[in-house]
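In what follows, a structure is listed as structure tokens, so that the remarks can point back to it.
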Amino acid sequence: MNGVAASPFLYRFDVARTALVIIDMQRDFVEPGGFGASLGNDVTRLQAIVPTVREVLLAWRAAGGLVVHTREAHAPDLSDCPPAKLQRGNPHLRIGDVGPMGRILVAGEPGNQIVPALAPVPGEIVIDKPGKGAFYATGLHEMLQGRGITHLVFMGVTTEVCVQTSMREANDRGYDCLLVEDGTESYFPEFKAATLAMITAQGAIVGWVAPAHHLIASLSP
Ligand code: TIU
């Protein structure tokens, strides 16, 4: 059993029953010209966490833990993108439009790939999800159940959108969840801070939060 010094109290987990879930570290959110930028955001804040996410990913792989990568990705015919999502807001490029990295948020396009520093390796699970949460319409819960997973450690982007939605979905399904606070980022620093606070409030109502170096220390033999 491993223990991470976390907020609001010690997070205990067994690597064999825990998956590292990296949410949407794809070019569409982290690089200029993708979906995040099309919504009017400055993507440099998100780019800055890549080295920390990589450090945790390498430590997790070395410890032999299961890794899950997600991508927010739609089918080329957009049949899995409801009008309510497609038509929201007033972006200069919509989902499915052709941008500098190919069609925005469409599976298989260059912009939809996970950034090279965090690319999946054989044996890791890669989930394409049509929603913000990783459990909606993906089969992820069944995959995790089949592997005996009870605990999830989250990183990725953005903190208050896809990461928090996924963590809440996981919490309702009975997983004990830890969010790596410097392995996640938002386009809005105040939303990240609020998310960390609301996750840990009321005795870990959604889960735990800890810095990457506390998690890495807990993995050291
Ligand atoms: N816009 C925003 O903050 N996020 C998303 O649209 N998707 C994810 O968070 N991955």
Side-chain angles (χ1 to χ4, degrees), residues 1-26 29-30 36 41 44-63 65-70 72 118 127 129 132-136 140-141 144 149-220:
M1 190 66 82
N2 303 62
V4 184
S7 173
F9 54 89
L10 186 74
Y11 177 77
R12 289 162 62 81
F13 69 102
D14 175 358
V15 176
R17 290 186 157 271
T18 307
L20 179 67
V21 182
I22 305 179
I23 301 287
D24 300 0
M25 288 300 293
Q26 56 199 91
F29 294 107
V30 176
N41 299 304
T44 55
R45 298 183 52 77
L46 273 55
Q47 268 171 19
I49 67 166
V50 171
T52 302
V53 175
R54 181 175 161 80
E55 203 182 335
V56 172
L57 173 60
L58 295 180
W60 194 262
R61 284 175 178 157
L66 178 66
V67 179
V68 177
H69 305 260
T70 71
E72 189 172 343
L118 307 175
I127 298 279
K129 61 183 183 60
K132 301 306 182 189
F135 288 83
Y136 169 66
L140 176 59
H141 184 49
L144 296 174
I149 298 297
T150 57
H151 289 57
L152 299 176
V153 174
F154 283 90
M155 298 194 291
V157 298
T158 62
T159 314
E160 80 283 8
V161 183
C162 291
V163 176
Q164 183 173 206
T165 301
S166 300
M167 201 165 165
R168 287 175 180 273
E169 287 181 324
N171 189 47
D172 280 351
R173 286 166 175 77
Y175 299 94
D176 279 328
C177 298
L178 173 74
L179 176 59
V180 179
E181 64 189 61
D182 44 352
T184 185
E185 194 49 86
S186 169
Y187 301 119
F188 306 90
E190 67 276 24
F191 290 172
K192 175 178 176 178
T195 300
L196 301 183
M198 65 177 80
I199 283 170
T200 55
Q202 305 178 75
I205 194 82
V206 178
W208 288 255
V209 167
H213 71 273
H214 287 187
L215 175 62
I216 292 168
S218 83
L219 294 170
S220 305

Using a strict threshold of under 4.0 Å (side-chain N to carboxylate O), is an ion pair present between Asp24 and Lys129? yes
Measure the CD1-CG distance between Ile199 and Leu178 for me, rounded to the nearest 0.5 Å. 9.5 Å
Take Met25 and His69 through the side-chain contact (heavy atoms from CB on, under 4.5 Å) test and state the conclusion after the steps. CA-CA 8 Å; Met25 288 300 293; His69 305 260; over 6 Å; no
For the residue pair Asn41 and Phe188, establish whether any side-chain heavy-atom pair is separated by less than 4.5 Å. yes
Have Ser186 and Thr158 got a donor and an acceptor in their side chains that come within less than 3.5 Å? no
Distance-only, no hydrogens or angles: does the Asp14 side chain make a donor-acceptor pair with backbone N or O of Asn2 under 3.5 Å? no
Contact summary for Asp182 and Lys192, nearest pair of heavy atoms: CA-NZ, 4.3 Å
Thr165 side chain to Cys162 main-chain N or O, any donor-acceptor pair under 3.5 Å? no
Should Val180 and Phe154 be marked as a side-chain contact (heavy atoms from CB on, under 4.5 Å) after you check the CA-CA gap, both sets of side-chain angles, and the distance that decides it? CA-CA 6 Å; Val180 179; Phe154 283 90; over 6 Å; no
More than 12 heavy atoms of other residues, nucleotides or ligands under 6.0 Å from CZ of Phe9: is that the case? yes
Can you see which heavy atom on Leu152 is nearest to which on Leu144, and at what distance? CD2-CD1, 3.9 Å
Please determine whether side-chain contact (heavy atoms from CB on, under 4.5 Å) holds for the pair Leu20 and Val56, giving the CA-CA distance in whole Å, both sets of side-chain angles, and the decisive distance to 0.1 Å. CA-CA 9 Å; Leu20 179 67; Val56 172; 4.2 Å; yes
Measuring from Arg17:CZ to Leu66:CG, what's the distance to the nearest 0.5 Å? 12.5 Å
Might you point out which heavy atoms bring Ala134 and Ile23 nearest each other, and give the distance in Å? CB-CD1, 4.2 Å
Heavy-atom count check: over 12 atoms from other residues, nucleotides or ligands less than 6.0 Å from Glu190 CD? yes
Note, Thr18 side chain near Thr150 side chain (heavy atom, < 4.5 Å): no
Verify whether the ring centers belonging to His214 and Tyr11 lie closer than 6.0 Å. no
Check Leu57 against Met155 and note the closest heavy-atom contact, atom names and distance. N-CE, 4.3 Å
Glu55 CD: over 12 foreign heavy atoms closer than 6.0 Å: no
Under 3.5 Å, side chain of Thr200 to main-chain N/O of Val209, donor-acceptor pair present? no
Using 0.5 Å steps for rounding, measure from the CG atom of Leu179 to the OG1 atom of Thr159. 6.5 Å
Got a second to check how far Trp208's CH2 is from Glu181's CD, nearest 0.5 Å? 15.5 Å
Can you see whether Glu160 engages Thr195 through a side-chain donor-acceptor pair at a distance of less than 3.5 angstrom? no
Report yes or no: does Asp176 contribute a side-chain atom to a donor-acceptor pair with the main-chain N or O of His151 at less than 3.5 Å? no
For a quick test of reading the model, state the closest non-hydrogen atom pair linking Val50 to Val30 and the distance between them. CG2-CG1, 4.4 Å
Distance-minimising heavy-atom pair for Met198 and Val206: O-CG2, 4.5 Å
Starting at CZ of Phe135, measure out to CZ of Arg173 and round the result to the nearest 0.5 Å. 6.0 Å
Using the rule given for side-chain contact (heavy atoms from CB on, under 4.5 Å), can you reason through Val15 versus Leu219, listing the C-alpha separation, both sets of side-chain angles and the distance that settles it, and then say yes or no? CA-CA 8 Å; Val15 176; Leu219 294 170; 3.9 Å; yes
About how many Å separate CZ of Arg45 and CD of Glu185, when rounded to the nearest 0.5 Å? 4.0 Å
Quick one, His141 and Tyr175 - any side-chain contact, counting heavy atoms below 4.5 Å? yes
